[in-house]
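Since the structure comes first, as structure tokens, the remarks are kept for the end.
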Amino acid sequence: MNRTYIKDLRTKVDQTVKIQGWLQTLRDQKKIQFLILRDPTGLVQVAHWKPNDEDLAARITSMGMETALTITGKVIDNPVVKLNQIEIQLESLVVENAAEIPLPFEPFAETLPALDYRLDWRYMDLRRPYNNLLFQIETTLEMAMREYWLQHNFVEIHSPKLTGSPSESGAELFSLDYFERKAYLAQSPQFYKQMAMAAGFERIFEIGPVFRADPSFTARHMTEFTGVDMEISWIDSHEDVMAFQEGWLQYVYTRVKELHGDAIKETFDVDLVVPTVPFPRIPMREAIEILKSRGYVLPADKKGDIDPAGEREIAAYVKEKFDHDFVFLTDWPIAVRPFYHMRLEGDETLTRSYDLIANGLEITTGAQREHRVDVLTRQALEKGLTVEPIQYYLDFFRYGCPPHGGFGLGLSRLMMVLLNLPNIREAVYIFRGPTRLNP
RNA sequence: GGGGGCGUGGUGUAGUGGCUAACAUGCGGCCCUGUCAAGGCCGAGACCGCGGGUUCGAACCCCGUCGCUCCCGCCA
């Protein structure tokens, strides 16, 4: 017999079906037992009249919560039953895997354990429909990203995560033994994205792991995360990158809202708002003036950068003035940008770069890249880098590389923004941080 | 790396100098003609993170230590 999903039981009234899932609740009375079975699509009540089979009744009585079961029985339309007015009359029951007692974690307790404890027992935590939905939404999110890219002639690449030399700075690299030498885990696909531009791919994207050896203890950092990266050729400035990104995000939001808008409202209490384009754009110098005018005092040593609280303040300003959840902060000073960002014509102290702030959270950095090898080399030296380890990268730009730019976005940070999650650990399947390597 | 907060049965909390350390939930037992956030009764379960100190007396105050957590730095 084929397995029936619980959401489809309404169409099977008076038929005998096989359902499979977890025992969520057992109400064991003198003559009758009610089992609430959960599968990924919902809950259903299974009834067993004990005198029908006393041995089976005894086995059910001793079953632990969260036991994995295969049940067959007849689907009854029963208006008395509060749960969808559907009930299964139990015919057979197979315990596929008995849950041990005591349970380390109760997925359906009224109060949730602390996050750290839930991460210890993540596979139990993920049984909650809340999490089930969260990862369905993430799947849709990535699907929509790919849909839009494919509609715009992008090619997907998978760049290596094992690298032989530090690419950008080196400070936040994990190193490991690689036969007789050292290797590093990639902290960004940046150089390989640009290599694809030199290779003539013109438009590429990659969704893949990124590693950062930052001992950051915040609600928005991880040592391993999924980076969403893209790069496009033949652009005139970072404006082209922003224009693409906002259209892309608008499409992604539209698709997620289509498929999950109601569920997101119900489970996360979030009214998903598809952003209008263009997103507001504010040059950094102007942003700092805005902060001053609102009485926000920036720390003295920011070198033209804005601290996280300042970003939240800017987001509040944008919300008030433009009623928008997103804002591009543009034209960042060179002091706080990497060497490969192209400089702004007319002001060599600024770069053709931007950050995207969503609901006050930094989710993206993007830029036009410097593709002229002499300028790029000079900028690297100015930043104190030595040419030798990045020579292979500089060589990308010797044999006809078009002007190009792109951005990187943190997938889980976008999930935080989308669902208004308080902590990135809630937004990722398995969290990796400075002090967490298990499970 | 810097700063703040927290650490009590399996879990979530209450208790801030003198209690056999409380409540909820979960767990075990008994009861209940259909429950549905099931209900009722009984029971087991914590030497209050760890070490030291102050005090007649410490879960409670002090010091250290470990763990967790948030903020900053840095970033996506």
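Heavy atoms only: backbone and side chains are in, while hydrogens, waters and symmetry mates are out. Lettering follows sequence order; numbering is per chain, from 1.
- The side chain of A:Lys30 lies closest to B:rU33, out of B:rU33, B:rA76, B:rG34.
- At B:rA76, one or more side-chain N or O atoms of A:Thr365 fall inside 4.0 Å of OP1 or OP2 (strictly under the cut-off).
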Check nucleotides 39-44 of chain B against the protein and report each pair of N or O atoms closer than 3.5 Å, with its distance, or say if there are none.
none

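- With a 3.5 Å ceiling on both atom-pair distances, B:rG26 lacks any Watson-Crick or G-U wobble partner.
- Separation of the P atoms belonging to B:rU69 and B:rG12 is 13 Å when rounded to the nearest angstrom.
- Within the 4.0 angstrom heavy-atom criterion, no nucleotide atom of any strand lies near A:Asp120.
- Side-chain contact, A:Ser353 with A:Arg337: a donor N or O sits under 3.5 Å from an acceptor N or O.
- In this structure, a donor-acceptor pair under 3.5 Å is absent between the side chains of A:Tyr340 and A:Gln194.
- Comment: A:Asp39 does not engage A:Lys7 in a salt bridge, judged by the lack of any side-chain N to carboxylate O separation of less than 4.0 angstrom.
- Within the 4.0 angstrom heavy-atom criterion, only backbone atoms of the sugar-phosphate kind lie near A:Ala114; the bases stay farther away.
- Among the protein residues, A:Arg425 comes within range of the sugar-phosphate backbone only, with heavy atoms under 4.0 Å from sugar or phosphate atoms but none that close to a base.
- With no hydrogens or angles considered, no side-chain donor-acceptor pair links A:Thr267 and A:Lys265 at under 3.5 Å.
- Within residues 283-290 of chain A, no residue has a heavy atom under 4.0 Å from RNA chain B.
- Spacing of P atoms, B:rU13 relative to B:rG49, comes out at 14 Å, to the nearest Å.
- Under a cutoff of 6.0 Å and an axis angle of 45°, A:Arg294 and A:Tyr296 do not form a cation-pi pair.
- By the 4.0 Å N-to-carboxylate-O rule, A:Lys193 lies too far from A:Glu206 to be salt-bridged with it.
- Rounded to whole Å, the separation between the C1' atoms of B:rU65 and B:rC72 comes to 24 Å.
- Residue ring and nucleobase are not stacked for A:Phe34 and B:rG34 under a centre distance beneath 5.5 angstrom and an angle between planes beneath 30°.
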